Amino acid sequence: MSTTTTLSEAYREHPLHPHHIIPIDFNSVCSLPESHKWPKSDDLYDNKISVPVIDLRDPRVAQLIGRACEKWGVFQLIYHGIPLNLLKDAESEARRLFSLPSRQKLKALRAPAGATGYGIARITPFFDKYMWHEGFTIMGTSIHDHAKQLWPHNHAKFCDVMETYQKKMNILADQLTQLIFKSLDISEEQAEEMNWVGSSSALQLNSYPSCPEPNRAVGLAPHTDTSLITILHENSIAGLQIFKQEVGWVSVKPVDGALVVNVGDLFHILSNARFPNVLHRVSVNQKRQRLSLAYFYNPPTDSTVVPIVKSGQVARYRPVTVKEFISLKAKSPEKALSCIKT
Ligand SMILES: O=C(O)CCC(=O)C(=O)O
Ligand SMILES: [Fe+2]
């Protein structure tokens, strides 16, 4: 059985209601519907500080990344080696997908118990209002079936670009994971045991259409990612905000060609809570569509994540398999971590 099947299986146990999958037709609405109107927020955000920007070629890169993971749970990565034209191609293929008429996109709708395809954010059932967002999730070979539904005669480019993109992201995610291990000072044997190259990862394409009333809409509500790490490419439209303890919400300013890397729940567990699983959210724009591609890097679903405990420390979490954690998160995003606290 392939890892792709098992990751999808982890979600299969938590079927969603169709109204928690189907997006509205954003092109057909000219004012913000009540269903998408959120209470006015008085959350302030801080524009004076910015997340660390790290050059992958820096000789002290492991230390810089380790410190950013510990202090922020997020950083922007430059000179990462992913060709700029691959990022642009992936972005324009995502744009091509979301520009299709609504009825065409619905042909690739995520199944109620499925993990891949077109639909709204998985966190939707946990909020009273809907987000101003549509997404498309790809895992391994699912891409061909869905792309054929979207473009019966014209899907080769989309598949090629997304496959190459995922391969490159996988290599980069593995490289970053090894650097983070190095910063955590773990032994080579431990690192060897956690050699997760080719692991069960997923690519999430996100679109936040231009919005008639951006101050009352939410692109993505606050959440943490279930991943080990997430690597995000965004177009030039700002919107991502991260929550920093003792500071509040901080906006991530798009840096041309930079990738945003954030710590997910699984690295938070693995680091024995030394790294925050950074809470983040997305705001929307009145005039411009925001696009992003989030690559969620996960260990294989049947592997066990065990906190790395330094001498003199106690384990903050019990060991947990990736599959069990995905299941806990799907049941209750807010309670998943407390369920495995020691
Ligand atoms: O679009 C973004 O900036 C963030 C996307 C995100 O948080 C996600 O897909 O989990
Ligand atoms: Fe996220």
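Ligands are counted one by one from 1 in listed order, and the atoms in each one are counted from 1 as well. Keep in mind the model is a prediction, meaning the values are calculated, not measured.
- For the residue pair Ile120 and His20, the shortest heavy atom distance occurs at CG1-O, 3.4 Å.
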Once you restrict both partners to nitrogen or oxygen, which atoms of ligand 1 have a protein partner under 3.5 Å, and how far apart are they?
| unit_1 | atom_1 | unit_2 | atom_2 | d |
| --- | --- | --- | --- | --- |
| ligand 1 | 1 (O) | Tyr208 | OH | 2.6 |
| ligand 1 | 1 (O) | Ser292 | OG | 2.7 |
| ligand 1 | 3 (O) | Arg290 | NH2 | 2.4 |
| ligand 1 | 7 (O) | His223 | NE2 | 3.2 |
| ligand 1 | 7 (O) | His280 | NE2 | 3.0 |
| ligand 1 | 9 (O) | Asn206 | ND2 | 3.0 |
| ligand 1 | 10 (O) | His223 | NE2 | 3.2 |
| ligand 1 | 10 (O) | Asp225 | OD1 | 3.3 |

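- The backbone N or O of Val309 sits nowhere less than 3.5 Å from a side-chain atom of Asn272 that would complete a donor-acceptor pair.
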Worked check of side-chain hydrogen bond (donor to acceptor under 3.5 Å, both in side chains) between Tyr295 and Gln166: CA-CA 8 Å; Tyr295 181 76; Gln166 289 182 91; 5.9 Å; no
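- Between Glu163 and Lys167 there is no salt bridge, since no side-chain N of the basic residue sits under 4.0 Å from a carboxylate O of the acidic one.
- With 3.5 Å as the limit, one finds no donor-acceptor pair spanning the side chains of Gln241 and Ser251.
- Rounded to 10°, the angle that OD1 of Asp225 and NE2 of His223 form at the Fe ion (ligand 2) is 100°.
- Nearest heavy atom pair, residue Gln76 against residue Ala258, reads CB-CB, 4.4 Å.
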